[in-house]
Amino acid sequence: MGTVTLGVSIAVPEPYGSMLQERRAGFGDPAAYGIPTHVTLLPPTEVDASILPTFRHHLTRVAAAGRPFRMRLAGTGTFRPLSPVVFVKLAEGIRECTELQERVRSGPVQRELQFPYHPHVTVAHGIAEDAMDRAYEELSDYAACWSAAGFALYEQGDDGHWRKMHDYPFGRGLPAPGVPAQSAPVDSPAAPSLRP
């Protein structure tokens, strides 16, 4: 069956997701439109495709045991010089994301992390230093908050773009989808209230 590259993340909902994606593109990051705006729970991981049904069952169980929680973004941070990344910081939801990613990685896809887990939203990666500086400064007062209602499984295509495979809403009996699609307009009935 071959291999697939998977990732698990919490999407940043509208209107915040598209806004941060546009800003990332504006800073010159060529990966901006291939990566939905997110907080990572499982970084890109190559696995045998035959493990997918087992992993999806594991994710269903992880989500069923979870409950919605508040996430708040505030200000910027960077991993430089260790890693060429500028990000928007997570000010609330850190503990919940940390526990969730541990549960996600405790199943059939067990991934060792290169660095200690630090939930964040990347807004610039591997671009020119002056553009990284601009991202850090221009988003330094950025703020947003919402209730995280679930997470999603993504697959990276041959073109490098990430595509959602499935939503996993928290709690038993919660309606799907648990994570709003980034393409949902803010005035759409499907879009939740996102007032901080």
Side-chain angles (χ1 to χ4, degrees), residues 1-13 16-18 20-25 27-64 66 71 78-80 82-88 90 93 96-127 132 135 148-170 176-184:
M1 293 179 69
T3 61
V4 291
T5 300
L6 303 177
V8 178
S9 63
I10 296 174
V12 175
Y16 313 124
S18 290
L20 288 174
Q21 191 175 49
E22 292 290 337
R23 295 304 305 270
R24 183 172 180 173
F27 297 133
D29 191 330
Y33 293 120
I35 306 174
T37 310
H38 67 280
V39 174
T40 298
L41 299 176
L42 176 74
T45 304
E46 187 175 299
V47 301
D48 193 294
S50 65
I51 205 171
L52 256 175
T54 305
F55 186 49
R56 290 181 64 158
H57 178 69
H58 169 70
L59 294 179
T60 299
R61 293 180 60 193
V62 169
M71 293 184 73
T78 183
F79 294 133
R80 295 183 293 174
L82 192 61
S83 181
V85 173
V86 171
F87 56 87
V88 173
L90 196 60
E96 293 88 346
C97 286
T98 300
E99 293 172 356
L100 193 56
Q101 63 88 27
E102 288 173 353
R103 293 196 297 270
V104 166
R105 292 189 299 109
S106 70
V109 177
Q110 297 186 359
R111 163 72 187 267
E112 291 297 321
L113 300 180
Q114 186 178 2
F115 302 106
Y117 182 71
H118 186 281
H120 63 278
V121 177
T122 298
V123 291
H125 182 204
I127 57 177
M132 301 275 273
F151 57 83
L153 173 65
Y154 292 82
E155 180 181 359
Q156 188 177 37
D158 293 338
D159 58 1
H161 286 219
W162 288 89
R163 294 172 179 86
K164 183 162 55 177
M165 297 177 71
H166 192 73
D167 282 310
Y168 294 89
F170 293 137
V179 178
Q182 277 199 53
S183 58

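Only a predicted model underlies this, so the values are computations on that prediction, with no experimental measurement involved.
Summarising the geometry of Cys97 relative to Pro119, their closest heavy-atom pair is CB-CB, 4.0 Å, with the distance given to 0.1 Å. Across all their heavy atoms, Ala32 and Ala25 have their closest contact at CB-N, 3.5 Å. Looking at every heavy atom in both residues, Ala49 comes nearest to Pro53 through O-CD, 4.2 Å.
Aromatic ring orientation, Phe79 versus His118: perpendicular (interplanar angle above 60°, classes split at 30° and 60°).
A distance-only check finds a donor-acceptor pair linking the side chain of His38 to the backbone of Pro36 [under 3.5 Å]. Glu46 places no side-chain N or O within donor-acceptor distance of the main-chain N or O of Val4, the cut-off being under 3.5 Å. At distances below 3.5 Å, at least one donor-acceptor pair connects side-chain atoms of Thr78 with backbone N or O atoms of Arg80. Counting only distance, with no hydrogens or angles, the side chain of Thr3 and the backbone of Val47 share no donor-acceptor pair below 3.5 Å. Using a distance-only test at 3.5 Å, with no hydrogens or angles considered, no donor-acceptor pair links the side chain of Glu99 to the main chain of Glu96. Between the Thr37 side chain and the Gly17 main chain, a donor and an acceptor come within less than 3.5 Å of each other.
Considering NE2 of His57 and OG1 of Thr54, their distance stands at 8.5 Å, rounded to 0.5 Å. To the nearest 0.5 Å, atoms CD1 (Ile10) and CG (Leu41) are separated by 4.5 Å. Here CZ of Arg61 is found 11.5 Å from CG of Leu59. Values are rounded to the nearest 0.5 Å. Summarising the geometry, atom CG belonging to Asp29 is positioned 10.5 Å from atom CD belonging to Gln21; distances are rounded to the nearest 0.5 Å.
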key: Stepwise ring pair (Phe, Tyr, Trp, His ring centres under 6.0 Å) test for His166 and Tyr168   = CA-CA 7 Å; His166 192 73; Tyr168 294 89; 4.6 Å; yes
task = Check the pair Trp162 / Ser9 against side chain to side chain contact (heavy atoms under 4.5 Å, CB included), numbers first and verdict last.
result = CA-CA 11 Å; Trp162 288 89; Ser9 63; over 6 Å; no
Working for side chain to side chain contact (heavy atoms under 4.5 Å, CB included), residues Arg24 and His125 = CA-CA 9 Å; Arg24 183 172 180 173; His125 182 204; 3.8 Å; yes
request  = In sequence, state the C-alpha distance, the side-chain angles, and the governing distance for Arg163 and Glu155, and then conclude on side chain to side chain contact (heavy atoms under 4.5 Å, CB included).
outcome  = CA-CA 5 Å; Arg163 294 172 179 86; Glu155 180 181 359; 5.7 Å; no
task = Start with the C-alpha distance between Val86 and Thr122, add both sets of side-chain angles, then the distance that settles side chain to side chain contact (heavy atoms under 4.5 Å, CB included), and finish with yes or no.
result = CA-CA 6 Å; Val86 171; Thr122 298; over 6 Å; no
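Checked options Arg111, Gln156, Arg105, Gln110; the residue passing with Thr45 is Arg111 (criterion: side-chain hydrogen bond (donor to acceptor under 3.5 Å, both in side chains)). Checking Val39, Val62, Asp167, Leu42 one by one against Phe151, the side-chain contact (heavy atoms from CB on, under 4.5 Å) holds for a single residue, Val62.
Between Leu90 and Val121 the shortest side-chain heavy-atom distance does not fall below 4.5 Å. Side-chain contact between Leu6 and Phe55 is present, with at least one heavy-atom pair separated by less than 4.5 Å. Within the 4.5 Å cutoff, the side chain of Gln114 has no heavy atoms near those of the Pro43 side chain. Side-chain contact between Lys164 and Leu153: absent, with no pair of heavy atoms (C-beta onward) separated by less than 4.5 Å.
By the ring pair (Phe, Tyr, Trp, His ring centres under 6.0 Å) test, Phe27 is found to be paired with no residue, residues two or more places apart in sequence or in another chain being considered. Partners of Glu22 under the side-chain contact (heavy atoms from CB on, under 4.5 Å) rule, at least two apart in sequence or in another chain, are Tyr33.
Using a 3.5 Å distance cut-off with no hydrogens or angles, the side chains of Thr60 and His58 do not pair a donor with an acceptor.
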